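Here is the structure we will look at, set down as structure tokens.
Position 1 is the first residue of the sequence; numbering continues from there. Computed from a predicted structure; not experimentally measured.
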Amino acid sequence: MAEVDVLRVGTQVVVRVSGRPDDRDTDRFATATTQVQGIVTSRVVIDLADADPVGDAVVDFVRELQAKWRVRLINAPALVRRQCAVGEVS
């Protein structure tokens, strides 16, 4: 099971995914998307430092947010960056 925390930092929304995200976390990601929608101003930053493994559920979540907002990934595996074609910040 994953934890998905959403918080506003300046003009960005930071989403931290931790734990072991998988397809059972669909409701958590849907809730996070709703939270992001309520506070996003310009960019969504997704931090995957504490998520392991990062699989399809996270990729689907990133793509859903990409469809609505500018998205940056932090600490994302190369495979996820390629699948989502999203840049990474350090």
Side-chain angles (χ1 to χ4, degrees):
M1 297 291 286
E3 289 294 322
V4 184
D5 298 312
V6 177
L7 52 124
R8 183 176 179 169
V9 179
T11 60
Q12 301 181 108
V13 174
V14 177
V15 180
R16 288 198 176 107
V17 180
S18 59
R20 300 182 62 82
D22 61 30
D23 292 338
R24 295 174 293 174
D25 294 309
T26 302
D27 289 341
R28 291 178 195 269
F29 289 124
T31 298
T33 300
T34 301
Q35 290 174 320
V36 168
Q37 185 171 355
I39 60 177
V40 74
T41 57
S42 65
R43 183 188 313 187
V44 179
V45 177
I46 303 172
D47 184 354
L48 300 175
D50 297 323
D52 185 42
V54 177
D56 292 340
V58 173
V59 170
D60 291 345
F61 176 61
V62 171
R63 287 179 176 164
E64 181 177 353
L65 296 183
Q66 281 180 306
K68 300 175 182 178
W69 303 287
R70 289 177 36 218
V71 172
R72 298 287 288 184
L73 294 177
I74 298 175
N75 303 309
L79 179 62
V80 172
R81 288 193 317 270
R82 283 193 303 272
Q83 287 179 322
C84 297
V86 173
E88 180 171 6
V89 295
S90 50

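- Between the CG atom in Asp25 and the CZ atom in Phe61 there is a gap of 11.0 Å [rounded to 0.5 Å].
- Nearest heavy-atom pair across Asp22 and Ala57 is O-CB, 3.3 Å.
- Atom CZ of Arg81 is separated from atom CG of Leu48 by 10.5 Å, given to the nearest 0.5 angstrom.
- Atom CD of Gln37 is separated from atom CG of Leu65 by 10.0 Å, given to the nearest 0.5 angstrom.
- Shortest non-hydrogen contact noted between Cys84 and Arg63 is SG-CG, 4.3 Å.
- Arg20 and Asp52 make their closest contact through CG-O, 3.2 Å (heavy atoms, listed as atom of the first residue, atom of the second, distance).
- Asp60 CG to Thr26 OG1: the interatomic distance, rounded to the nearest 0.5 Å, is 8.0 Å.
- Proximity of a side-chain donor or acceptor of Arg8 to a complementary backbone N or O of Gly10 within less than 3.5 Å is detected.
- When every heavy atom of Val59 is checked against every heavy atom of Gln83, the shortest pair comes out as CG2-OE1, 3.1 Å.
- Between Val36 and Val15, the shortest heavy-atom distance links the atoms CG2-CG2, 3.7 Å.
- When all heavy atoms of Val4 and Phe29 are compared, the pair lying nearest together is CG2-CE2, 3.6 Å.
- A salt bridge links Asp47 and Arg16; the closest N-O separation between the charged side-chain nitrogens and carboxylate oxygens is under 4.0 Å.
- One finds the CD1 atom of Ile39 at 7.0 Å from the CG atom of Leu7 (value rounded to the nearest 0.5 Å).
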